[in-house]
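One structure is given below, encoded as structure tokens.
Sequential numbering from 1 along the given sequence is applied to the chain's residues.
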Amino acid sequence: QVQLEESGGGLVQAGGSLRLSCAASGRTASSYAMGWFRQAPGKERELVAACMWSGSGPSYAESVKGRFTISRDNAKNTVYLQMNSLQPEDTGDYYCSAGRTILLVIRSAGEYWGQGTQVTVSS
């Protein structure tokens, strides 16, 4: 069993930055692939970024490439999403997910999900 807890959301002006954190608990948490998803009001949830348990092989949505970076610190069982040059269209609830493979995560089929943290970008 893996529990995930996101933090770091908030209100930021366009062009600003935020760093989201996802703390994972559980004996095998560091062996899971991890991903960040977001859901804007009235829209479907979409993948933002994902990486393997080692932090390698990151995948990004086209809309965030060059602006967002996913990383992880397995010693702390924490995954981060550094978000730079934020735009109003980045507004939404951000969720982290853990899955046994990165393909499961990318397909939104990860076994575990956090409760989400809200990000609001004002213009």
Side-chain angles (χ1 to χ4, degrees):
Q1 190 77 7
V2 175
Q3 291 80 42
L4 305 174
E5 183 173 3
E6 304 93 337
S7 62
L11 174 64
V12 64
Q13 288 188 331
S17 298
L18 282 175
R19 188 177 80 157
L20 304 183
S21 299
C22 175
S25 60
R27 284 192 305 139
T28 59
S30 62
S31 66
Y32 281 75
M34 299 291 292
W36 285 97
F37 291 76
R38 68 185 178 191
Q39 187 167 20
K43 295 187 177 181
E44 293 187 356
R45 185 174 61 193
E46 62 174 351
L47 174 71
V48 175
C51 69
M52 298 171 67
W53 66 271
S54 62
S56 61
S59 298
Y60 295 95
E62 284 296 324
S63 59
V64 307
K65 280 183 179 178
R67 300 188 299 124
F68 290 13
T69 303
I70 187 171
S71 62
R72 64 191 297 167
D73 184 340
N74 284 338
K76 297 181 179 180
N77 276 353
T78 301
V79 177
Y80 304 99
L81 184 68
Q82 178 67 43
M83 306 187 295
N84 299 328
S85 302
L86 283 161
Q87 299 301 315
E89 51 266 34
D90 295 316
T91 293
D93 294 321
Y94 283 70
Y95 301 87
C96 68
S97 177
R100 294 192 180 274
T101 71
I102 193 169
L103 283 180
L104 285 174
V105 173
I106 289 172
R107 293 170 182 170
S108 195
E111 291 96 319
Y112 304 104
W113 291 83
Q115 293 299 308
T117 186
Q118 189 173 53
V119 172
T120 303
V121 184
S122 63
S123 57

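Under the side chain to side chain contact (heavy atoms under 4.5 Å, CB included) test applied with Leu20, the options Met83, Gln82, Glu6 reduce to a single match, Met83. Checked options Ile102, Val105, Leu4, Val2; the residue passing with Met34 is Leu4 (criterion: side chain to side chain contact (heavy atoms under 4.5 Å, CB included)).
Using cut-offs of 30° and 60° on the angle between ring planes, the pair Trp113 and Phe37 is tilted.
Scanning all heavy atoms of the two residues, the minimum distance from Ser122 to Pro88 falls at C-CG, 4.5 Å. When all heavy atoms are compared, the tightest approach of Arg67 to Leu86 is NH1-CA, 3.9 Å.
More than 12 non-hydrogen atoms from other residues, nucleotides or ligands lie less than 6.0 angstrom from CD of Gln39.
Expressed to the nearest 0.5 Å, how far OH of Tyr32 lies from OG of Ser97 amounts to 11.0 Å. Ser7 contributes atom OG, which lies 7.0 Å from atom CD of Glu5 (distance to the nearest 0.5 angstrom).
Between Trp36 and Phe68, a ring centre-to-centre spacing not shorter than 6.0 Å is recorded.
Annotation: side chain of Leu81 is in contact with side chain of Val48 (closest heavy-atom distance under 4.5 Å). Residues Tyr80 and Thr69 form no side-chain contact, since every pair of their non-hydrogen atoms from C-beta on lies 4.5 Å or further apart. Using a 4.5 Å heavy-atom cutoff, the side chains of Glu89 and Ser63 are not in contact. Two residues are said to be in side-chain contact when any heavy atoms from C-beta on lie closer than 4.5 Å; Asp90 and Val119 fail this criterion. Taking 4.5 Å as the limit, some side-chain heavy atom of Ile106 sits within range of a side-chain heavy atom of Ser59. Inter-residue side-chain proximity for Arg72 and Asn77 is flagged as unmet; no heavy-atom pair is nearer than 4.5 Å. Within the 4.5 Å cutoff, the side chain of Tyr95 has no heavy atoms near those of the Gln115 side chain.
Put simply, the side chain of Thr117 gets close to the backbone of Gly9: a donor and an acceptor are under 3.5 Å apart. Between the side chain of Thr78 and the backbone N or O of Lys76 there is at least one donor-acceptor pair closer than 3.5 Å. Between the Asn74 side chain and the Ser54 main chain, no donor and acceptor come within less than 3.5 Å of each other. Between the side chain of Glu111 and the backbone N or O of Arg100, at least one donor-acceptor pair lies under 3.5 Å.
Transitive grouping of hydrophobic side chains (ILVMFWY, heavy atoms separated by less than 4.5 Å) keeps Tyr112 and Met52 in distinct clusters. Hydrophobic clustering (ILVMFWY, side-chain heavy atoms < 4.5 Å, transitive): Leu47 and Tyr94 are in distinct clusters. When the side chains of ILVMFWY residues are joined at heavy-atom separations under 4.5 Å, either directly or via intervening members, Tyr60 and Leu104 end up in two distinct hydrophobic clusters.
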- Output, in order, the C-alpha distance, side-chain angles, deciding distance and verdict of side-chain hydrogen bond (donor to acceptor under 3.5 Å, both in side chains) for Ser25 and Gln3. CA-CA 5 Å; Ser25 60; Gln3 291 80 42; 3.0 Å; yes
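Between Arg45 and Asp93 no salt bridge is recorded (no basic side-chain N to carboxylate O distance below 4.0 Å).
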